[in-house]
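Scroll down for the structure; my scribbles are underneath it.
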Amino acid sequence: IQQGHVDLLFIGDSITQGWEEDGRRVWDNYYGRRRAVNLGFNSDRTETVLWRLQHGELDGITPKLAVVMIGTNNTSMREDPPENTAAGIQAILTTLRTRLPQTKILLLAVFPRGASADDPLRHVNQAVNDRLRAYADQRQVFFLDLGPRFLDAAGRISEDVMPDALHPSERGYRLWAEGMEDTIRKLLGE
């Protein structure tokens, strides 16, 4: 598929896909003028993203910046250990760096999930994130952890931010966009 001119690419799962639904107004406000494309797909895991990137999804585009947030479906649906999920994310970064050598990559920490701070999947995602920091070289790959933006002082996720303690509401997408804006502006050279 010929995507045309793309400056900003979002890669992820249903959380990213949700920019087209609950996040639509926030997307239009922040990214509508930026030639942005959303490649978030429901239920995607690291290996399905990798397959898509290797089978045409990057053909004909040279974005200035790719925002990557993937992994929560690996840790939950398949219960992959954190090191396996992190290795899958590293393979995605390698593919992006090889196929799009001019593109900067903003690697986001896997968002917190589960209503409370002691949710077992929250701990697994945090263990993934602890590994992801090391992948940022501050030249092509940059790491940003927006997780604290979604939590209250006790580490809980409120229903008005993520109604199912996983997928953001419109307010959640606004918190996401606001949290990335300075970094995106810098990496896009605006």
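Position 1 is the first residue of the sequence; numbering continues from there.
- Checking side-chain atoms of N73 against main-chain N and O of D44 turns up a donor-acceptor pair under 3.5 Å.
- Within a 6.0 Å sphere centred on CZ of R25, heavy atoms belonging to other residues, nucleotides or ligands number 12 at most.
- The structure places NZ of K64 at 4.5 Å from CG of D7, a figure rounded to the nearest 0.5 Å.
- Cluster annotation: F41 is connected to L9 through the hydrophobic network of ILVMFWY side chains, with a link wherever side-chain heavy atoms come within less than 4.5 Å.
- Judged by distance alone, with hydrogens and angles left aside, the side-chain atoms of S76 form a donor-acceptor pair with the main-chain N or O of T72 at under 3.5 Å.
- Residues V26 and R174 have side chains in contact (heavy-atom distance under 4.5 Å, counting atoms from C-beta outward).
- A donor-acceptor pair under 3.5 Å links the side-chain atoms of D137 to the main chain of V141, judged by distance alone.
- Inter-residue side-chain proximity for L108 and M180 is flagged as met; some heavy-atom pair is nearer than 4.5 Å.
- When atom types are taken as modelled, the side chain of R113 and the backbone of A165 share no donor-acceptor pair closer than 3.5 angstrom.
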For residues 142-152, tabulate all N or O donor-acceptor pairs below 3.5 Å that involve a side-chain atom, not counting sequence neighbours.
from : atom 1 : to   : atom 2 : distance (Å)
D145 : OD1    : G147 : N      : 2.9
D145 : OD2    : R133 : NH2    : 3.4
R149 : NE     : L175 : O      : 2.8
D152 : OD1    : A154 : N      : 2.9
D152 : OD1    : G155 : N      : 3.0
D152 : OD1    : R156 : N      : 2.8
D152 : OD2    : R156 : NE     : 3.0
D152 : OD2    : R156 : NH2    : 3.1

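- S169 contributes a side-chain N or O that, together with a main-chain N or O of V161, makes up a donor-acceptor pair within less than 3.5 Å.
- Closest approach of P82 to R131, counting heavy atoms only: CB-NH1, 3.7 Å.
- Under a hydrophobic clustering in which Ile, Leu, Val, Met, Phe, Trp and Tyr are joined whenever their side-chain heavy atoms come within less than 4.5 Å, directly or via other members, L107 and L8 fall into different clusters.
- For the pair E57 and V49, the minimum side-chain heavy-atom distance is 4.5 Å or more.
- Within the 4.5 Å cutoff, no side-chain heavy atoms of N74 are placed close to those of N84.
- Minimum interatomic distance between W27 and A36 (heavy atoms only, all atoms of both residues): CZ2-CB, 3.5 Å.
- Between the CD1 atom in I89 and the OG1 atom in T94 there is a gap of 12.0 Å [rounded to 0.5 Å].
- With rounding to the nearest 0.5 Å, the separation of CD in E83 from CG in D130 is 12.0 Å.
- Residues I11 and I70 have side chains not in contact (no heavy-atom distance under 4.5 Å, counting atoms from C-beta outward).
- By the 4.0 Å N-to-carboxylate-O rule, D182 lies too far from K186 to be salt-bridged with it.
- Around the CD atom of E79, the shell of radius 6.0 Å holds no more than 12 heavy atoms that belong to other residues, nucleotides or ligands.
- The closest donor-acceptor contact from the side chain of T103 to the backbone of P63 lies under 3.5 Å.
- Listed by first then second residue, pairs satisfying side chain to side chain donor-acceptor pair (under 3.5 Å) with a partner in residues 13-22 read S14-H167, not counting sequence neighbours.
- Rounded to the nearest 0.5 angstrom, E47 CD and I92 CD1 are separated by 8.5 Å.
- Side-chain N or O atoms of N125 include none that pairs as donor or acceptor with a backbone N or O of P112 at under 3.5 Å.
- Taking CD of Q140 as the start and CG of L106 as the end, the distance is 12.5 Å to the nearest 0.5 Å.
- Side chains of T75 and V110 form no contact here, defined as non-hydrogen atoms less than 4.5 Å apart.
- A salt bridge does not link R45 with D80: every distance from a Lys NZ or Arg NE/NH1/NH2 to an Asp or Glu carboxylate oxygen is 4.0 Å or more.
- Atom CZ of R139 has 12 or fewer heavy atoms from other residues, nucleotides or ligands within 6.0 Å.
- When the side chains of ILVMFWY residues are joined at heavy-atom separations under 4.5 Å, either directly or via intervening members, Y135 and I105 end up in a single hydrophobic cluster.
- At least one side-chain heavy atom of I184 sits under 4.5 Å from a side-chain heavy atom of Y31.
- By the rule that hydrophobic residues join a cluster once side-chain heavy atoms approach within less than 4.5 Å of another member, L65 and L93 end up as members of separate clusters.
- Shown here for I61 and L58, the closest heavy-atom pair between the two residues is CG1-O, 3.2 Å.
- Partners of Y30 according to the ring-ring contact (aromatic ring centres under 6.0 Å, His included) rule, which considers only residues two or more places apart in sequence or in another chain, do not exist here.
- V37 and L187 are members of different hydrophobic clusters when ILVMFWY side chains are connected at heavy-atom separations under 4.5 Å.
- Residues S158 and R171 come closest through the heavy atom pair OG-NH1, 4.2 Å.
- For CD of Q102, the number of neighbouring non-hydrogen atoms (other residues, nucleotides, ligands) closer than 6.0 Å is 12 at most.
- Between Q90 atom CD and R97 atom CZ the span is 9.5 Å, to the nearest 0.5 Å.
- With hydrogens and angles disregarded, no donor-acceptor distance shorter than 3.5 Å links the side chain of R122 to the backbone of D118.
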